Amino acid sequence: MDFALTPIQEEIRTNVERIMRRFDDAYWLDHDATGEFPFEFTAAMAEGGWLGIAMPERYGGSGLGVSEAAVLMHTVAKSGGAMSAASAFHINIFGPNPIVVFGSEEQRQRWLPPLIRGETRTCFGVTEPTAGLDTSSIQVRAVRDGDRYLVSGQKIWTSTAQEADKVLLLARTTPREECARPFDGISLFFADLDRDHVQIREIHKMGRHAVDSNEVFFDDLPVPVGDRIGEEGKGFQYLLHGLNPERILVAAEAIGIGEEALSRAAAYARERMVFGRPIGQNQSIQHPLAESWAELQAAWLMTLRAAWLYDTEQPCGPEANAAKYLAAEAGKRACERAIITHGGLGYARELHVERLFREVLINWIAPVTPQLILSNIAERALGLPKSY
Ligand SMILES: Cc1cc2nc3c(=O)[nH]c(=O)nc-3n(C[C@H](O)[C@H](O)[C@H](O)COP(=O)(O)OP(=O)(O)OC[C@H]3O[C@@H](n4cnc5c(N)ncnc54)[C@H](O)[C@@H]3O)c2cc1C
């Protein structure tokens, strides 16, 4: 058993830290205030070859695993860039996984190199306003019309759609009532986000203002049959393949944010003098911070274990879910504690911890909520009856 990072993982951390130093607190504070997308940052990540870290080498990627991708996303989020940085390119890391695994050779050659070079931007269209977490109830329809499909309906929360030219889109090709099982009849497309047939409306949200989330309305969007990934009706199974890596990366990001908040809190607690002594000398300040340190350490170990299971091709559903759950709870708690450690200043934009708190809540909610994670663990790890 070895708990050390590998030399490659250490190298990833060092090199990414070097890039992140170019994007300081002022950069993220400014982008949070203006809502401007961090284009300079994503260009730097593309230039460094990081967008293809987990993509096969023959298409221009680095062919590394989810463990290395987790180190990358942890380092990015921990820099102070939090989810404003991580979400700006998160979709690139494992989003195209269904193309790699289930796409044709022609599709891989057509789509992966420009994604890896950062020339194509994609977004991810799964969530819908009426379906919620019950993905089998999605209403967006793709109706076959000769050698193309026509897509209609609405997605919600689609992040980065404002900048994207493509969407990895889940749509019903057969009505649910005509399918043997609820998740049959759903297909996966990598479609052009053609603004003549797509309307995109930004959602005003609590945090991560630099990276948009949107309502997306499809009005007979034509999608060539050649842009469907794999077989018709099997899209949900294809998507499932990438869900565990996504949970692992979201966990790594939450831990990075929590650690950054914690280190800011500890630094402030060492310096801030009240009643003639540093506030960090009080155990009611120390203990919550120490507890957060322990929680974040434990969540990181769970995350690396889930990543190791995935990379060694072992089942990792409950472990990936547990990593996401523990990391989001630990990250959220560390940010909350960082705010109270700063007293009133914790609520001020300039001290950054309120921004970290607003952003770590995304990892708590998405891509799956704590309730549904616990329901899944109860079912899969403990053999309890399915409750959803
Ligand atoms: C900032 C942000 C960015 C996002 N980006 C994207 C994106 O790029 N692409 C995309 O497709 N989606 C995206 N999402 C959507 C996100 O994945 C969903 O919001 C999330 O999966 C929850 O789904 P919902 O909002 O429909 O909640 P609902 O399904 O409406 O659930 C509401 C509440 O009820 C609870 N609940 C529901 N059913 C049960 C049950 N059976 N047992 C217990 N509790 C239950 C849920 O846990 C939740 O607390 C994003 C969300 C946010 C906030």
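Because the structure is predicted, anything quoted here is derived from the model rather than measured. Note that ligands are numbered from 1 as they come in the structure, with each ligand's atoms numbered from 1 the same way.
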OG1 of T14 to CD1 of I19: how many Å apart, nearest 0.5 Å? 11.5 Å

Is a donor from one side chain sitting under 3.5 angstrom from an acceptor on the other, for R380 and N321? no

Nitrogen or oxygen atoms of Y388 and ligand 1 under 3.5 Å apart: no

Could you say whether the N/O atoms of F124 and ligand 1 ever approach to under 3.5 Å? yes

Any C123 heavy atom less than 4.0 Å to ligand 1: no

Of the protein's non-hydrogen atoms, which lies at the shortest distance from atom 8 (O) of ligand 1, and what is that distance? S159 N, 2.9 Å

Just to confirm my output: which protein heavy-atom neighbour is closest to atom 42 (N) of ligand 1, and how far is it? L372 CD2, 4.0 Å

For atom 13 (C) of ligand 1, is some protein heavy-atom partner under 4.0 Å away? yes

Are the side chain of Q9 and the backbone of T6 linked by a donor-acceptor contact shorter than 3.5 Å? yes

Protein heavy atom at shortest distance from atom 49 (O) of ligand 1: Q371 NE2, 3.0 Å

heavy-atom search around atom 29 (O) of ligand 1 in the protein gives L133 N, 2.7 Å

Can you tell me the protein heavy atom closest to atom 17 (O) of ligand 1 and the distance? P367 O, 3.4 Å

Examine distances only and state if a side-chain atom of R228 and a backbone atom of G230 form a donor-acceptor pair shorter than 3.5 Å. yes

Enumerate the atoms of ligand 1 whose separation from the nearest heavy atom of V126 is less than 4.0 angstrom. 11 (O)

For the backbone of Q107 and the side chain of S104, can you confirm whether one donor and one acceptor N or O come within less than 3.5 Å of each other? yes

Quick check: does T369 get an N/O under 3.5 Å from an N/O on ligand 1? yes

min-distance protein heavy atom vs atom 25 (O) of ligand 1 -> W157 NE1, 4.7 Å

Between R148 (side chain only) and V223 (backbone N and O only), is there a donor and an acceptor less than 3.5 Å apart? no

Answer yes or no: does an N/O atom from T127 fall short of 3.5 Å to an N/O atom of ligand 1? yes

Between Y310 and F94, how do the two ring planes meet: parallel, tilted or perpendicular, split at 30° and 60°? perpendicular

Given D32, which partner from the list K205, R358, R208, R355 fulfils the salt bridge (charged side-chain N to carboxylate O under 4.0 Å, His left out) test? R358

Distance only, no hydrogens: is a donor on one side chain within 3.5 Å (strictly under) of an acceptor on the other, for E128 and Q154? no

Atom 34 (O) of ligand 1: any protein heavy atom closer than 4.0 Å: no

Check the angle between the aromatic planes of H342 and Y268 and answer parallel, tilted or perpendicular using the 30° and 60° thresholds. parallel

Considering heavy atoms of the protein only, find what lies nearest to atom 26 (O) of ligand 1 and give residue, atom and distance to 0.1 Å. G132 CA, 3.0 Å

For ligand 1, which is the ligand I care about here, please tell me if V368 has any N or O atom under 3.5 Å from one of the ligand's N or O atoms. no

